[in-house]
Amino acid sequence: MSKQDRLIIFDTTLRDGEQSPGASMNREEKVRIAKALERMRVDVIEAGFPIASPGDFEAVQAVARTIKESTVCGLARALDRDIDRAGEALKEASSARIHTFIATSPIHMEKKLRMTPDQVVEQAVHAVKRARKYTDNVEFSPEDAGRSEIEFLCRVLEAVIDAGAGTVNIPDTVGYNIPHQFGDLIRILIERVPNADKAVFSVHCHNDLGLATANSLSAVRNGARQVECTINGLGERAGNAALEEVVMAVRTRQDLFACDSNLDTTQIVTCSRLVSGITGFPVQPNKAIVGANAFAHESGIHQDGVLKSRETYEIMRAEDVGWTQNRMVLGKHSGRNAFRSRLAELGTVFESEEDLNAAFARFKDLADKKHEIFDEDLQALVTDTTLEAHDRIKLVSMRVCSETGEVPSADVVLSVDSVEQPATAVGSGPVDATFKAIESIVSSGTQLKLYSVNSITGGTDAQGEVTVRLEKGGRIVNGQGADTDIVIASAKAYINACNKIIQPQLKAHPQKGDV
Ligand code: KIV
Ligand code: ZN
C-alpha cells in the first residue's frame, strides 16, 4: 500500500483513555495493553503524559522499552520541562514520537492560557523545535482546533510544519463539531496551508455529541491520514472515537475510502476485553463491533435470513474482529502447557514461571467449579491474577448467610499488608453485608458510586464479572472481580477498588492545571 493509501492508527487508550475518571492504569497494566496493541499492528501508541507523575514517566519508559513494532509516543504541553521529560522517557524506544500541543481557540487562549495569538504561535514553534532535538518524529496539536478560527489555524500549522512537525493533529477537544463541517475544516486546512504536503494531517475527536467516529470518518474522506482513537471509545468525558468503529468502517466501506489501515482486526475483541478488564469499564452489550450483541441475531426473521445467506443481515464477519464461538477450550484435565499456549494465542505471555503458576492454580480452582472453560473465562482469570499480584489487601476467605426471613450476614477474612484480619457484618443483602464487613477492616472512607454484574459467558455456571466504582474526595476508582459465585466476585471487585484508592495519586492532567 502506498503512503497515500495508508491510514495511520494512533491509539491513545493509555493517555486520553486514562483520563476517564477511574481508568488510571499502572505500569504493568499499560505494558500489557501496549503489547496487545502492538500485536494488533497499531501504528502509534500514545503511552502517557510523562511529566504527570513519576509513575506516568516510568510507565511510558516501560512501554518504550518493551514495544518494538509500533511507534511509542509521549504527550507534552508546549513547555520545555514537559518536552524534556517526554524525550527522557522515550529514550530507549525503537521508534519514538513526541506529541506537543497548545490551545488555539479564542476562549482557550484568552481564559486558560492568557496569551496572545502571537505568543501562542511563538511557543508552538519553540516546542516543536525543542522536541526535534529528541526525535525526528514530532506531532503538533492545536488544542480545541474545532473551535479555533481557520485563518489562525492555518498560520499556526504552517509555522509548526516549517519548524519540523511531521504530523499535525486537529483535535475536536470538546466534541462540538458536526461531520460535514469537520470534514470541510480538514479539506480547507489541507488546501490553504502552503506546506501541507510536508505533514500528515491527523484528527482527534471527542464524543460529547456522539459524533466522534462520524467526525473522524468525515475527516478521512477529506484527506486526514491519521486517526487518533481508543479501544472501546474510552476517554475524557464521553470518550474518544472508538478504534474498532473507525477501523471497521474504513475496512468495510472500501468503496468510499481511498485508504485503509494496516490493522489485524482479528485482535479487536481481545484488546477490547483486556482494556475493559483492566480499567473496570464494562462494554455495553449493544456497543458496535465489541458489544456482546453486536453479532447476535435474536429475531426469527434475522436468523432465518442469516441462515440462508450471511450477507442478508451481516455487513462484517464476527470472526474478522475476533469473535470466536463460545467453545470449550480447556477443562479440568488440561495441563500447564495447554493452558500456557491457549493464553499465548489470546495474547497473554507470562513474564515468569511464578506468574504462570499463580494463574494455573486459579485455573484449576475454576475448572473444579465450572465444567467448561471458555476463552472469556481465561481472560478474566488472568486479569484477576495480575490485578492481585501486587495488592496490599487480599481476600483470604469469606462466608455469607442469606435466608428468607433472616438478616443476611457476611464473615470476611482479609490479609492487609500480610496480616490477617477478620470481620462480620449484616446488611440488606449478602453483597451489602460483604461490603460492610470489608469496609470495617479497610476503613477506605469511600462512597459506592456504581455496582454492576455481568455474566462472562452463558449458563448458570458462568462466572459473574462485577464492577464496583468508589469515590473519595473527588477521586474515582473502578474495581473488577470475577468468580462463579457473584458475592465472591463482588468482594474481589470491592477489594480491587480499595487497593487502587489507597495508592497515592499525585498526577497532573495535561489539559487542566499545572504540574
Ligand atoms: O482532546 C484534545 O485536545 C487532546 C489533545 C492533548 C490532543 O487530547
Ligand atoms: Zn483528547
Side-chain angles (χ1 to χ4, degrees), residues 8-21 23-24 44-52 56 60 73-79 82-83 85-86 97-109 111-113 120 123-124 127-128 131 138-148 152-153 156-157 160 165-177 182 185-186 189 199-213 215-216 219 224 226-243 246 507-515:
I8 298 166
I9 298 298
F10 176 113
D11 180 279
T12 182
T13 307
L14 304 180
R15 197 279 296 170
D16 215 319
E18 201 197 20
Q19 287 172 213
S20 323
S24 95
V44 186
I45 300 172
E46 189 165 50
F49 176 46
I51 203 163
D56 277 72
V60 176
C73 175
L75 183 70
R77 291 167 300 183
L79 298 172
D82 281 36
I83 293 164
R85 200 78 178 131
R97 174 181 292 188
I98 295 178
H99 175 192
T100 185
F101 72 99
I102 189 165
T104 50
S105 62
I107 184 167
H108 275 226
M109 289 192 288
K111 301 273 193 283
K112 181 175 98 164
L113 299 175
V120 166
Q123 194 159 322
V128 169
V138 173
E139 171 171 330
F140 174 80
S141 291
E143 191 193 4
D144 204 16
R147 292 189 299 171
S148 301
F152 185 56
L153 274 181
V156 175
L157 295 181
V160 293
T167 303
V168 285
N169 176 49
I170 312 303
D172 180 16
T173 303
V174 290
Y176 177 68
N177 286 232
F182 194 62
L185 171 65
I186 302 304
L189 290 175
V200 173
F201 276 68
S202 166
V203 288
H204 174 113
C205 298
H206 278 272
N207 207 27
D208 299 66
L209 293 172
L211 294 171
T213 298
N215 284 338
S216 305
Q226 174 178 286
V227 174
E228 301 200 355
C229 44
T230 58
I231 301 290
N232 301 336
L234 201 67
E236 187 87 39
R237 305 181 309 280
N240 289 63
L243 176 145
V246 172
K507 191 182 173 98
H509 187 293
Q511 291 156 277
K512 296 170 202 150
D514 252 337
V515 177

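Numbering of ligands and ligand atoms starts at 1, following listing order. These numbers come from the heavy atoms of this one structure, side chains and all, not from hydrogens, waters or symmetry mates. Source: prediction; values computed, not measured.
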Any side-chain heavy-atom pair from F140 and I102 closer than 4.5 angstrom? yes
Whether the E228 and H99 side chains hold a donor-acceptor pair (N or O, under 3.5 Å, no angle test) is what I'd like checked. no
Main-chain N/O of F182 paired with D172 side-chain donor or acceptor, under 3.5 Å: no
Taking N or O atoms only and a 3.5 Å limit, does D16 qualify as a polar contact for ligand 1? yes
Heavy-atom distance under 4.5 Å between the side chains of P142 and F152, does that happen here? no
For ligand 1, the portion of E236 having any non-hydrogen atom under 4.0 Å away: neither
Shortest protein heavy-atom distance from atom 6 (C) of ligand 1, along with the residue and atom involved: R15 NH2, 3.7 Å
Return yes or no for this condition: an N or O of N169 is under 3.5 Å from an N or O of ligand 1. no
Quick one: nearest non-hydrogen protein atom to atom 2 (C) of ligand 1, plus distance? Q511 NE2, 3.2 Å
Counting from 1, what ligand 1 atoms have a heavy atom of E143 closer than 4.0 Å? 3 (O)
Are side-chain heavy atoms of N240 and H206 found at a separation under 4.5 Å? yes
Yes or no: does Q19 have any heavy atom under 4.0 Å from an atom of ligand 1? no
Under a 3.5 Å distance rule, please check whether N177 uses its side chain to pair with a backbone N or O of G146 as donor and acceptor. yes
Taking the side chain as C-beta and beyond, is there a heavy-atom pair between C229 and I9 under 4.5 Å? yes
Is a donor from one side chain sitting under 3.5 angstrom from an acceptor on the other, for N169 and S141? yes
Per-atom contacts of ligand 1 with H206, taking only distances under 4.0 Å to non-hydrogen atoms: 1 (O)
With a 4.5 Å limit on heavy-atom distance, are the side chains of F101 and R77 in contact? yes
If we only look closer than 2.8 Å, how many protein N, O or S atoms does the Zn ion (ligand 2) have near it? 3
What do you reckon, does E228 put a non-hydrogen atom under 4.0 Å from ligand 1? no
Using a strict cut-off of less than 4.0 Å between a Lys/Arg side-chain nitrogen and an Asp/Glu carboxylate oxygen, indicate whether E143 and K112 qualify as a salt bridge. yes
Measure the distance from atom 3 (O) of ligand 1 to every protein heavy atom, then report the residue, atom name and distance (to 0.1 Å) of the closest one. T173 OG1, 2.6 Å
For the side chain of N207 and the backbone of A212, is there at least one donor-acceptor N/O pair under 3.5 Å apart? yes
